[in-house]
Protein chains: 2
Amino acid sequence: MTLKSIEWGTPHSLFFKALANPARMSIMSLLHTEPRSVTEIFEELGFEQTMVSHHLRCLSFCGFVKSNRKGKSKIYSLNKETIVPILEIVERHLVKYASSLYSCDVLER
Amino acid sequence: MTLKSIEWGTPHSLFFKALANPARMSIMSLLHTEPRSVTEIFEELGFEQTMVSHHLRCLSFCGFVKSNRKGKSKIYSLNKETIVPILEIVERHLVKYASSLYSCDVLER
DNA sequence: TACATAAATGACTAATCCGTCATATGACAT
DNA sequence: ATGTCATATGACGGATTAGTCATTTATGTA
């Protein structure tokens with residue numbers, strides 16, 4: 001029984017996987033208001049520094065944030081082009097289905 | 001070190017988690033063309049029946065597909081309202097970043 | 001009713017993910 | 001060059017996820 005082709009399959013699900021982590025989402029949420037250094041991010045969110053770096057690495061690779069050095073710091077900013085329009089759609093969906101998402105046992109607990 | 005509040009955090013990442021699975025994406029891709037029964041889906045994709053049922057359960061809960069009985073079968077169809085506009089944005093993003101997504105070791109290979 | 005087909009459920013485990021720890025690299029100042 | 005602050009990297013292990021198997025429930029038919 002071989003796996004048939006997959007139209008939207010892998011690349012699309014990778015895209016969503018990048019966003020499917022609460023820490024990464026909260027980092028992006030912070031950057032949405034304004035650019036910040038790694039230190040500012042981990043202090044404001046109460047995360048480990050290394051954790052933030054790992055996630056920024058992912059977000060950076062995947063094109064959701066960009067960065068530029070400023071002295072010893074590195075300032076990360078959100079690439080709003082993709083994430084902002086998506087968030088609007090997500091929020092519209094959540095109005096109806098947020099509570100259902102929580103009760104989906106396939107997704108957690 | 002307490003965790004500060006998270007603007008887009010958990011509900012948003014749950015939304016994306018639902019989409020962050022290649023099997024679920026390919027099921028939705030199939031349903032995008034036209035509604036199908038569970039049997040049709042698992043045969044066309046070469047998946048296990050139970051696997052498809054599990055994923056449909058999730059997608060249904062989360063509001064991405066809907067279903068209605070037709071005799072012994074149950075016909076699933078895509079709720080295009082959310083997924084279609086998002087897919088357009090995703091695809092635009094993928095034009096630039098698809099290969100990067102693959103090379104993101106945080107997400108795996 | 002008994003049977004057949006269709007779909008759903010639950011439990012189990014292999015694979016994957018993610019946060020942490022230890023450590024390394026980079027940048028600037030003295 | 002050395003020290004210090006800022007960020008990044010790599011490896012490891014606990015937690016989570018997703019697919020499979022066995023079984024159950026649902027629907028329709030003889």
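The figures that follow rest on heavy atoms only: side chains count, while hydrogens, waters and symmetry mates do not. Just so it is clear: chains get the letters A, B, ... in the order the sequence lines come, proteins before strands, and each one is counted from 1. Just so we're clear, the structure is a prediction, and the values are computed from it rather than from any experiment.
Within the structure, a side-chain polar atom (N or O) of A:Asn21 is placed less than 4.0 Å from OP1 or OP2 of C:dC18. Contact check, B:Lys74 against D:dA26: no side-chain N or O comes under 4.0 Å of OP1 or OP2. Remark: A:Tyr76 is in phosphate contact with D:dA8, judged by side-chain N or O atoms under 4.0 Å from OP1 or OP2. An OP1 or OP2 oxygen of D:dT17 is reached within less than 4.0 angstrom by a side-chain nitrogen or oxygen of B:Lys17. For A:Ser73, a side-chain nitrogen or oxygen approaches OP1 or OP2 of D:dT7 to under 4.0 Å.
Judged by distance alone, the side chain of A:Glu43 and the main-chain N or O of A:Glu40 form no donor-acceptor pair under 3.5 Å. B:Lys17 contributes no side-chain N or O that, together with a main-chain N or O of A:Lys17, makes up a donor-acceptor pair within less than 3.5 Å.
Of the candidate nucleotides D:dA18, C:dA8, D:dC21, D:dC21 has the atom nearest to the side chain of B:Glu48. Of all nucleotides listed (D:dA26, D:dA8, D:dT17), D:dA26 comes nearest to the side chain of B:Arg69. With C:dA8, D:dT20, D:dT9 as the candidates, the nucleotide lying closest to the side chain of A:Ser53 is D:dT9.
Residue side chain B:Gln49 reaches the base of C:dA8 through a donor-acceptor N/O pair under 3.5 Å, judged by distance alone.
Note: CZ (A:Arg24) to C1' (C:dG19) measures 12 Å, nearest angstrom. Spacing between atom CG of B:Asn68 and atom P of D:dA26 amounts to 18 Å, rounded to whole angstrom units. To the nearest angstrom, P of C:dT20 lies 12 Å from CZ of A:Phe42. Atoms CG (A:Leu56) and P (C:dC18) sit 15 Å apart, rounded to a whole Å. Atom-to-atom, CG of B:Asp105 to C1' of D:dA11 comes out at 13 Å; the value is rounded to the nearest Å. Atom-to-atom, CD1 of B:Ile27 to P of D:dA18 comes out at 12 Å; the value is rounded to the nearest Å. When rounded to the nearest whole Å, the span between CZ of A:Phe16 and P of C:dC17 equals 17 Å.
Between B:Pro35 and B:Tyr76, every side-chain heavy-atom pair lies at or beyond the 4.5 Å cut-off. Within the 4.5 Å cutoff, the side chain of A:Ser13 has no heavy atoms near those of the A:Trp8 side chain.
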| said: Run the side-chain hydrogen bond (donor to acceptor under 3.5 Å, both in side chains) test on B:Thr39 and B:Arg36 for me, step by step, so that the C-alpha distance in whole Å, both residues' side-chain angles and the decisive distance to 0.1 Å come before the verdict. | reply: CA-CA 8 Å; B:Thr39 301; B:Arg36 278 160 229 255; over 6 Å; no
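Counting any heavy atom pair closer than 4.0 Å across all strands shown, B:Lys70 reaches no nucleic acid atom. Counting non-hydrogen atoms under 4.0 angstrom, A:His54 reaches a base of the nucleic acid. Residue B:Thr50 is in base contact, counting any heavy-atom pair closer than 4.0 Å across all strands shown. At a threshold of 4.0 angstrom between heavy atoms, the contacts of A:Lys72 include nucleobase atoms, whether or not backbone atoms are also involved. Here A:Val106 lies in heavy-atom contact (under 4.0 Å) with sugar-phosphate atoms only.
Remark: A:Lys96 engages B:Glu81 in a salt bridge (charged side-chain N to carboxylate O under 4.0 Å, His left out) (not counting sequence neighbours).
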Tabulate below the donor-acceptor pairs under 3.5 Å that side-chain atoms of residues 52-59 of chain A make, not counting sequence neighbours, or state none.
{"residue": "A:Ser53", "atom": "OG", "partner": "A:Gln49", "partner atom": "NE2", "Å": "3.1"}
{"residue": "A:His55", "atom": "ND1", "partner": "A:Arg24", "partner atom": "NH1", "Å": "3.1"}
{"residue": "A:Arg57", "atom": "NH1", "partner": "B:Asp105", "partner atom": "OD1", "Å": "2.5"}
{"residue": "A:Arg57", "atom": "NH1", "partner": "B:Asp105", "partner atom": "OD2", "Å": "2.8"}

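Shown for residues 57-64 of chain A: no residue has heavy atoms falling under 4.0 angstrom of DNA chain C.
When each of A:Met51 and B:Ser37 is assigned the nucleotide of DNA chain C with its nearest heavy atom, B:Ser37 is the one assigned upstream, toward the 5' end.
Aromatic pair B:Phe15/B:Phe64: centroids less than 6.0 angstrom apart.
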